[in-house]
Amino acid sequence: MAYSDKVIDHYNNPRNVGSLPKEDPNVGTGLVGAPECGDVMKLQIKVNEESGVIEDAKFKTFGCGSAIASSSLATEWVKGKTLGEALAIKNTDIVKELSLPPVKIHCSVLAEDAIKAAVTDWKKKHGDGLTS
Amino acid sequence: MDYFEVFGLPRQLGIDTLALEKTFHELSRKYHPDYFTTASPSEKTQAVRMTALLNDAYRTLRHPVRRVEYLLSLYGFKPDSSKVPQALLMEVFEINERLEEVKGGTASVEEADSLRALIKEKRKRFDAELQQASLEWDELVKSGQPEAKLNEQLARLTEILSESSYIRNLERDLGG
């Protein structure tokens with residue numbers, strides 16, 4: 001199975017790899033994993049408290065090329081978005097953008113889950129744990 | 001016909017792999033195409049189908065982890081990413097980060113050894129846990145426990161199994 005050009009591009013030049021300080025009150029961290037393949041993905045967002053806009057995003061993924069590309073793309077997309085807009089990103093958008101084959105769809109699901117987990121973590125830090 | 005039925009076995013996890021191999025060879029002979037050269041086309045097709053099923057069944061049942069995965073699939077249980085414990089993910093992430101340094105050559109020899117020992121230890125604990133839970137499953141089945149009890153144990157096995165691919169990947173990345 002061949003990777004699409006976009007997957008290869010993100011895999012070779014991943015955007016926003018790294019970490020943000022986990023304890024920073026303005027940083028939300030999402031750590032998710034897919035038990036089928038053993039991938040683990042960390043996605044962090046730094047949110048401007050005033051505007052609710054995601055100013056920065058970082059990721060680190062241990063997994064296959066599609067998982068790395070999905071999370072790389074996710075950090076690109078969430079930057080500059082409000083939390084609400086970030087939550088509206090669907091895994092199907094990622095599948096479409098990266099032309100992921102059916103067997104790699106779970107990688108995009110993982111990236112969507114990571115965004116949601118990061119937003120939830122940020123909200124928890126700001127006393128708004130349950131609603132999205 | 002499920003894989004257990006192919007071998008005439010109950011849906012239990014404690015399987016004597018030597019006996020399994022023996023039955024596999026016997027059944028392979030029984031369905032071998034050579035014995036069906038004069039058979040009708042439908043019998044021939046049936047024999048080929050049985051051979052394929054038999055091969056799949058043997059490959060699955062002889063492997064203790066794949067055996068559990070298969071049993072779970074028969075009852076509609078499968079690893080669920082929303083149920084992977086956060087503590088496990090954190091641990092796996094941390095080990096992966098350390099592993100990255102070891103592979104990148106920036107870590108000390110001691111660090112590489114200690115990581116190797118840690119992954120080995122995780123494997124040992126996983127195997128023991130899976131074996132124990134498998135034994136418990138067999139006991140529940142043998143003593144005819146109600147469905148609720150069985151489902152509880154299937155959920156437990158699913159949870160244990162969710163760690164399997166993480167350990168496998170760590171071992172692979174460590175290079176044996």
Side-chain angles (χ1 to χ4, degrees), chain A residues 11 14 17-23 27-44 58-68 70-71 74 90-91 94 100 103-122 124-125 129-130 132, chain B residues 60 65-66 68-73 76-104 107 115 118-119 122-123 126 129-130 133 154-175:
Chain A
Y11 181 74
V17 176
S19 288
L20 297 168
K22 215 177 162 215
E23 290 71 29
V27 170
T29 302
L31 182 61
V32 294
E36 302 90 346
C37 51
D39 288 355
V40 47
M41 181 183 287
K42 185 175 81 171
L43 191 146
Q44 294 181 299
K58 296 271 183 214
F59 86 95
K60 189 148 192 193
T61 294
F62 296 103
C64 69
S66 301
I68 290 168
S70 295
S71 39
K90 291 276 161 285
N91 84 287
I94 297 170
L100 294 180
V103 292
K104 292 294 179 183
I105 287 178
H106 69 271
C107 299
S108 67
V109 174
L110 207 56
E112 184 190 324
D113 288 348
I115 297 174
K116 291 198 159 59
V119 172
T120 303
D121 183 54
W122 186 87
K124 215 187 275 170
K125 284 181 176 175
L130 296 175
S132 61
Chain B
T60 304
V65 174
R66 264 179 257 152
V68 176
E69 272 169 356
Y70 180 70
L71 180 84
L72 292 172
S73 74
F77 281 74
K78 60 172 187 196
D80 180 350
S81 56
S82 65
K83 287 194 189 114
V84 182
Q86 197 69 21
L88 170 65
L89 290 177
M90 281 165 89
E91 192 193 1
V92 169
F93 195 87
E94 194 198 301
I95 296 176
N96 268 303
E97 283 194 313
R98 289 172 61 187
L99 195 55
E100 203 174 45
E101 282 180 17
V102 167
K103 290 189 83 87
L115 205 52
L118 177 66
I119 293 170
K122 279 190 81 64
R123 159 63 66 190
F126 169 80
E129 249 183 301
L130 188 68
L154 290 169
R156 168 91 185 112
L157 283 163
T158 308
E159 193 192 314
I160 295 172
L161 217 55
S162 70
E163 199 173 344
S164 167
S165 14
Y166 290 107
I167 297 176
R168 202 188 48 220
N169 286 2
L170 289 173
E171 286 171 339
R172 180 201 60 201
D173 294 343
L174 195 62

(message) If I take atom CD from residue A/Glu36 and atom OG from residue B/Ser162, how far apart are they, to the nearest 0.5 angstrom?
(response) 10.0 Å
(request) Name the region of B/Asn169, side chain, backbone, both or neither, that has any atom closer than 4.5 Å to a heavy atom of chain A. (result) side chain
(message) Heavy-atom pairs under 4.5 Å with chain A: which of B/Leu161, B/Asn96, B/Ile167, B/Val84 has the most?
(response) B/Asn96
(message) Does B/Lys78 have more than 12 heavy atoms from other residues, nucleotides or ligands lying within 6.0 Å of its NZ?
(response) no
(request) Count the heavy atoms belonging to other residues, nucleotides or ligands that lie under 6.0 Å from CZ of B/Phe126, then report whether that count exceeds 12. (result) yes
(request) Using non-hydrogen atoms and a 4.5 Å limit, figure out which bit of B/Glu100 sits close to chain A: side chain, backbone, both or neither. (result) side chain
(request) Work out which heavy atom in A/Asp39 is nearest to a heavy atom in B/Tyr166; give both atom names and the distance. (result) O-OH, 3.1 Å
(request) Quick one: closest heavy-atom pair of A/Leu31 and B/Leu89, and the distance? (result) O-CD1, 3.6 Å
